[in-house]
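Remember, predicted model here, so these are calculated numbers, not experimental data. Counting starts at 1 for both ligands and their atoms, in listed order.
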Amino acid sequence: MNLNTFNALCLPPGATLHEALARLDATAQGILLVTDAQERLLRTVTDGDLRRAALAGVSNEAPLSALPAHPPHTVGLQASQRDVLALMDAQRIDHVPVVDAAGHVVDLVTRRELSQRVYLSSPHLGEDEVALVQEAFTSNWIAPLGPHVDAFERELAARVGVQHAAATSSGTAALHLGLRLLGVGPGDVVLCSSLTFVASANPIKQLGATPVFIDSEPQSWNLSPQALAVALAALQAEGITPKAAVVVNLYGQSAEMDEIVPLLERYGVPMLEDAAESLGATYRDRPSGSFGKLAVFSFNGNKIITTSGGGMLVSNDATLIEHARKLSTQAREPARHYEHIEDGYNYRLSNVLAGIGRGQLRVLEQRVQSRREVFAQYRDALSGVPGLRWMAEPEGHQSTRWLSAFVLAGGDGESPQARRDALLDFLERHNVEARPVWKPMHLQPLYAACRYFLHAPGQDVSRALFEGGVCLPSGSNMSAAQRARVCELVAHGLELSWRSAA
Ligand SMILES: *Cc1c(COP(=O)(O)O)cnc(C)c1O
C-alpha cells in the first residue's frame with residue numbers, strides 16, 4: 001500500500017459512523033485507523049465494529065468515539081514479520097498497525113501480504129525444460145555426462161562467443177578449477193574484486209594462495225581500474241607478480257574491461273572472469289564472459305537462468321578446457337583400470353541438469369528483457385524519491401539487471417546503513433525479500449588479514465556501497481502487481497526513514 005492509501009485509512013475520532021462506513025468502502029482494506037491530532041493511534045475500526053454498533057442501535061451520525069473502547073494491538077518499527085504474524089494469530093486479527101518511537105501510527109501490515117512473498121530472484125522455467133529432462137529419462141542418460149552435457153556446453157559457448165566450455169556442478173567448482181588451471185597454488189598471490197559473493201574468493205584460499213582485494217569504482221560498482229593499477233605497481237615493487245586476477249561482473253554488469261584487460265596484460269597476470277552474475281550482458285557489444293583467459297558462469301537457483309545448481313568454465317583455449325573436463329571427473333588417465341597422476345575432483349554437471357540448462361538458455365534473451373523491465377519500472381516509479389542512487393549502466397555497457405540495486409544517501413543525522421536497515425526491516429515486515437549489497441571481502445572476518453587497495457586514498461567505495469546499498473526483488477517472473485507493490489513499499493519505507501531522522 002502506498003502512502004496515500006495509508007493516509008486515507010486514518011480518520012479523526014470525531015468522524016461519524018456513516019463517514020467511517022463510506023471510507024471503509026472506498027479504501028477496501030477492511031480496516032480504518034482512528035488517530036488524534038498528533039497522529040497517535042486511538043483505535044482501529046473494522047466492518048465488524050460498525051456492524052455491532054448498528055445492531056446495538058448506535059446512530060449512524062454518532063462519532064467514532066461513541067464506540068466501546070478497545071485498545072489497538074500494534075507493533076513497533078523493530079517488529080519482524082514473525083512478530084506481526086504471532087500477534088495476528090494470538091489476537092485473531094488480520095491487520096496490525098505499526099507505531100514509531102514517537103507513538104505515531106506510520107504503517108499497516110495485512111495478513112494478505114504475509115501470504116504472498118515477493119522473492120529476490122526466484123527460478124523461472126521456460127517451456128522446453130521438462131521435455132529435455134524427459135529426453136534424458138527416456139534415453140536412460142540419467143548418469144552424469146551424456147548428450148545434454150555436450151550440447152549445453154556447445155550452446156552456451158556459442159551464446160557467449162567463446163570456443164570451448166566445460167559444464168560443472170556449480171559456479172564455485174568452475175572457479176576452483178579455473179584457478180587450478182592457471183597454476184594457482186600455495187604461496188601465490190591472487191587479485192580479486194572485494195565487492196562480491198564469497199565464492200569468488202574462497203577457492204583462492206582453498207588452493208593455499210593469498211587473495212589481495214581490489215576496491216570498486218563508484219559508477220559501475222565493479223573493480224576499480226585505478227585501484228588495480230596501484231595494486232599491480234605496489235606488488236611489483238615488492239617483487240610479486242600475482243598468479244591470476246578474479247574480476248567479478250556484478251549484478252548483471254560487466255567490469256570496465258577496456259581498462260582492466262590491458263593493465264593485467266602489461267603485468268602478465270591472467271584474468272579469470274567471474275561472470276556468474278552477468279550471463280547475457282554485453283560490454284562494447286561483446287558478451288560478458290568472453291574477456292578472461294577463463295570465465296565462469298553459475299546456474300544456481302537465484303541466477304538469471306538456472307539448472308537448480310550448476311556452472312560452466314569457458315575459454316578459447318582448448319587445452320585448458322580439456323584439462324578442466326579431466327580434473328572435474330576425478331582426473332582419470334587413459335587406461336583400462338583407474339590410473340591417477342593428478343589430483344582431481346567430482347565437479348561435473350549431470351546430464352539431467354544440463355537438459356534443464358539447455359531449455360533455460362533458449363529463454364535467456366527474454367529473461368534479460370524482463371529483468372531490465374523490472375529495473376526500468378523501479379527507476380521510473382521511484383524517480384521522485386530523494387537520496388537514492390541506482391547502480392549506473394555506463395556508456396558501452398548493456399546490463400542484464402540481474403538484481404536491481406541502489407545505494408542510499410545518509411542525512412539528517414541518519415547514516416546510510418541505518419536508513420538501509422530501516423528499509424530492509426520495513427520490506428521484510430511486508431514479506432518482500434530484499435538484501436543488502438554484498439558485504440565486501442575485505443570487511444569479512446574470514447579475510448580480515450588480507451590486503452586491500454582503495455579506489456582512491458581515503459575513499460573506500462565498496463564499503464560505502466555495502467553500507468547504503470539495497471538489492472530489490474528482480475525476478476523475471478514477478479507479476480505487474482508485485483512490481484507495483486515493491487515500488488509503493490520502497491517509497492513508503494524511505495519516506496518513514498527520512499521522517500524518523502528529522
Ligand atoms: C553465485 C555466484 C558464484 C557461485 O556460483 P554457484 O553456482 O552458486 O557456486 C560465484 N561468484 C559470484 C559473483 C556469484 O554471484
Side-chain angles (χ1 to χ4, degrees), residues 119-123 152 156 165-180 190-207 211 213-214 216 220-223 244-255 260 271-281 288-289 291-292 294-314 324 328 345-350 353-354 356-357 360-361 367 371 391 399-405 435-442 444 446-447 462 465-466 469 471 474-475:
Y119 292 96
L120 187 76
S121 178
S122 67
F152 188 33
L156 185 115
T168 56
S169 51
S170 71
T172 311
L175 279 159
H176 190 191
L177 282 174
L179 290 169
R180 253 291 291 274
V190 175
L191 304 175
C192 184
S193 308
S194 188
L195 188 61
T196 185
F197 180 49
V198 73
S200 308
N202 280 348
I204 300 171
K205 179 169 55 62
Q206 287 156 359
L207 284 164
F213 294 109
I214 310 292
S216 297
S220 73
W221 298 16
N222 274 308
L223 187 124
V246 178
V247 176
V248 178
N249 303 314
L250 202 66
Y251 298 143
Q253 179 156 280
S254 175
I260 294 168
M271 173 163 69
L272 174 53
E273 196 181 352
D274 183 348
E277 302 178 2
S278 65
L279 178 60
S288 187
F291 291 87
L294 287 158
V296 162
F297 295 99
S298 164
F299 312 112
N300 191 26
N302 59 357
K303 297 302 201 291
I304 193 156
I305 62 169
T306 179
T307 59
S308 80
M312 194 79 81
L313 184 67
V314 304
S328 66
Y345 315 94
N346 182 5
Y347 274 176
R348 211 64 170 120
L349 186 69
S350 84
L353 298 186
I356 302 178
Q360 287 273 282
L361 201 53
R367 300 296 179 258
R371 294 214 183 221
M391 180 180 181
S399 171
T400 66
R401 296 291 180 183
W402 171 58
L403 294 184
S404 290
R435 294 260 176 88
V437 161
W438 296 128
K439 181 174 181 179
M441 291 306 111
H442 73 283
Q444 299 287 356
L446 182 62
Y447 291 115
S462 69
L465 292 171
F466 163 62
C471 299
S474 307

Worksheet item: Do Val437 and Trp221 pass the side chain to side chain contact (heavy atoms under 4.5 Å, CB included) test, and can you show the C-alpha distance, the side-chain angles, and the key distance before you say yes or no?
Response: CA-CA 10 Å; Val437 161; Trp221 298 16; 3.7 Å; yes
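Ring orientation note: the planes of His176 and Tyr345 are tilted relative to one another, at an angle of 30° to 60°. Between Phe299 and Phe152, the ring-plane angle classifies as tilted under the 30° and 60° cut-offs.
Put simply, CE on Met312 and CG on Leu361 are 8.0 Å apart, with the number rounded to the nearest 0.5 Å. Atom-to-atom distance recorded for Leu294:CG and Asp274:CG is 12.0 Å, nearest 0.5 angstrom.
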Could you tell me, for ligand 1, which of its N or O atoms are under 3.5 Å from any protein N or O, listing the pairs and their distances rounded to 0.1 Å?
from     : atom 1 : to     : atom 2 : distance (Å)
ligand 1 : 5 (O)  : Ser298 : OG     : 3.2
ligand 1 : 7 (O)  : Gly171 : N      : 2.8
ligand 1 : 7 (O)  : Ser298 : OG     : 2.7
ligand 1 : 9 (O)  : Gly171 : N      : 3.3
ligand 1 : 9 (O)  : Thr172 : N      : 2.8
ligand 1 : 9 (O)  : Thr172 : OG1    : 2.4
ligand 1 : 11 (N) : Asp274 : OD1    : 3.3
ligand 1 : 11 (N) : Asp274 : OD2    : 2.8
ligand 1 : 15 (O) : Glu277 : OE2    : 2.5
ligand 1 : 15 (O) : Lys303 : NZ     : 3.3

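Between Leu349 and Thr168, every side-chain heavy-atom pair lies at or beyond the 4.5 Å cut-off.
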